[in-house]
Structures are given as C-alpha cells and as structure tokens.
Amino acid sequence: HELDRVAVDLSFLNLILSHDLGPDEPEVGATGSLVQIMVHWFTSAFANHSTYLGAGISWGWTGAVENGRAFGGSGMQGQIALGYEMFRASTIRLFPQIDLTLPFYMSDATGVDDKLYTPSAALSLGVGWGKSSTIGVVNS
C-alpha cells in the first residue's frame, strides 16, 4: 500500500537461486523468505518518478554449497532495498530494485561443526498495477 511519502510492502515466498560455474567445483545456493514486511520511503513524495529506500524484516532460510560442503539455516532476516519507481500517477507501476538480505543467524554445515554467514544481494524488476493514488478535483 502506497501513501505519498511511504509505502508498506508485504510479500510472500520470495526466492533467489544462484549457480557459480567456477573452475574447480560449481557452487550453488538458494535463499528466500516465507513472509516479508518492508517500509519504503520515497525521496520525492508527489513526483511521478521517485527513488526510494526501504528496510524491513522477514522469516526465511538459506542453503549454500561452499568448498564442497552444504550449509543451511533459517530464521529472522533484515532486508534493505534501494529502488526507483516509475509511473506513480498511473495504474501500472514499474520499479527496478536492489535488495540486500542480512540473516540474523549462521548457516550450519551438514555433518560437521562449522558455520557460515550467508548474506545475499539481488537485482529485480517489478511491475505493479492497481488503482492510481491521484485524486482529481472538480470545480462546481
């Protein structure tokens, strides 16, 4: 839901997959969140296009392979976002966004006593639609 200067973003089942084809062994990973809530702050409250900053929390998980060992973990995560929303006065919105996920937990290695911190970054392109927040004034 978007107001003039702030927006609340509630999302479910966000997923990021990675695959690195290195020279030795391929390293794979996945991270995601079951539920996430964020608050975005727009730098230009009434502009049709605006940069925004966001912060929030989520409940999620991480799985990764590092040096041939599998790591996994789950718990609370911090979210930071930087984006640019276009066509704010329209019924259709377009926004590129960079997200940084910072887990509040360490991922454990399978079968050994080893831990790994597994933050992630993603670049996404979003499309939204709905009722315009523009109010028309009629003189009578």
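Keep in mind it's a predicted model, so treat the numbers as computed, not measured.
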Is it the case that the side chain of Thr31 and the backbone of Trp61 share a donor-acceptor pair, with hydrogens and angles ignored and the cut-off at 3.5 Å? yes

Taking only residues two or more places apart in sequence or in another chain, which ones pass side-chain contact (heavy atoms from CB on, under 4.5 Å) with Thr110? Ala70

Can you confirm whether Ser11 sits close enough to Met38 that some side-chain heavy atom of one is under 4.5 Å from a side-chain heavy atom of the other? no

Test of understanding: clusters of I, L, V, M, F, W, Y form through side-chain heavy atoms closer than 4.5 Å, transitively. Do Leu34 and Phe104 belong to the same one? yes

Qualifying salt bridge (charged side-chain N to carboxylate O under 4.0 Å, His left out) pairs with a residue from residues 33-42, counting only residues at least two apart or across chains: none

side-chain contact (heavy atoms from CB on, under 4.5 Å) partners for Leu17, two or more places apart: Leu15, Ala30

Heavy-atom side-chain proximity of Leu10 to Val35 below 4.5 angstrom: yes

Pair listing, salt bridge (charged side-chain N to carboxylate O under 4.0 Å, His left out) test, anchored in residues 61-84, at least two apart: Arg69-Asp114

Could you list the residues that satisfy ring pair (Phe, Tyr, Trp, His ring centres under 6.0 Å) with Phe87, not counting sequence neighbours? His49

May I ask you to test the Ser33-Gln77 pair for a side-chain heavy-atom distance under 4.5 Å? yes

Before giving the answer on side chain to side chain contact (heavy atoms under 4.5 Å, CB included), spell out for Asp9 and Ile37 the whole-Å C-alpha distance, their side-chain angles and the decisive distance to 0.1 Å. CA-CA 6 Å; Asp9 176 4; Ile37 187 164; over 6 Å; no

Residue set satisfying side-chain contact (heavy atoms from CB on, under 4.5 Å) with Ala55, at least two apart, ordered chain then number -> none

So, for Ser44 and Ser50, which heavy atoms are closest and what is the spacing to 0.1 Å? N-OG, 3.1 Å

Linking I/L/V/M/F/W/Y whenever their side-chain heavy atoms sit closer than 4.5 Å, directly or via other members, would Leu125 and Met86 fall into one cluster? yes

Does Thr51 reach the main-chain N or O of Thr43 with its side chain, forming a donor-acceptor pair under 3.5 Å? no

Listed once per pair and sorted, the salt bridge (charged side-chain N to carboxylate O under 4.0 Å, His left out) pairs that draw on residues 44-54, sequence neighbours left out: none

If hydrophobic residues (ILVMFWY) are linked whenever their side-chain heavy atoms come closer than 4.5 Å, directly or via other members, who joins Ile98 in its cluster? Leu123

Any donor and acceptor pair, going by atom type alone, linking the side chain of Ser58 with main-chain N or O of Gly60 inside 3.5 Å? no

Let me check something: do Phe12 and Met76 share a hydrophobic cluster, defined by ILVMFWY side-chain heavy atoms less than 4.5 Å apart, either directly or through other members? yes

Counterpart residues, ring pair (Phe, Tyr, Trp, His ring centres under 6.0 Å), relative to Tyr52 (two or more places apart): His40, Phe42

Does a side chain donor of either Thr118 or Tyr105 reach within less than 3.5 Å of an acceptor in the other side chain? no

Clusters formed by hydrophobic residues whose side-chain heavy atoms approach within less than 4.5 Å: which one holds Leu102, and what are its other members? Ile80, Leu100, Met106, Tyr117

Just jot down the side-chain hydrogen bond (donor to acceptor under 3.5 Å, both in side chains) partners of Thr101, sequence neighbours excluded, or say none. Gln79

Sequence-distant partners of Ser124, side-chain contact (heavy atoms from CB on, under 4.5 Å), two or more places apart: Gln97, Asp99

Got a donor-acceptor contact below 3.5 angstrom from the Arg5 side chain to the Trp41 backbone? no

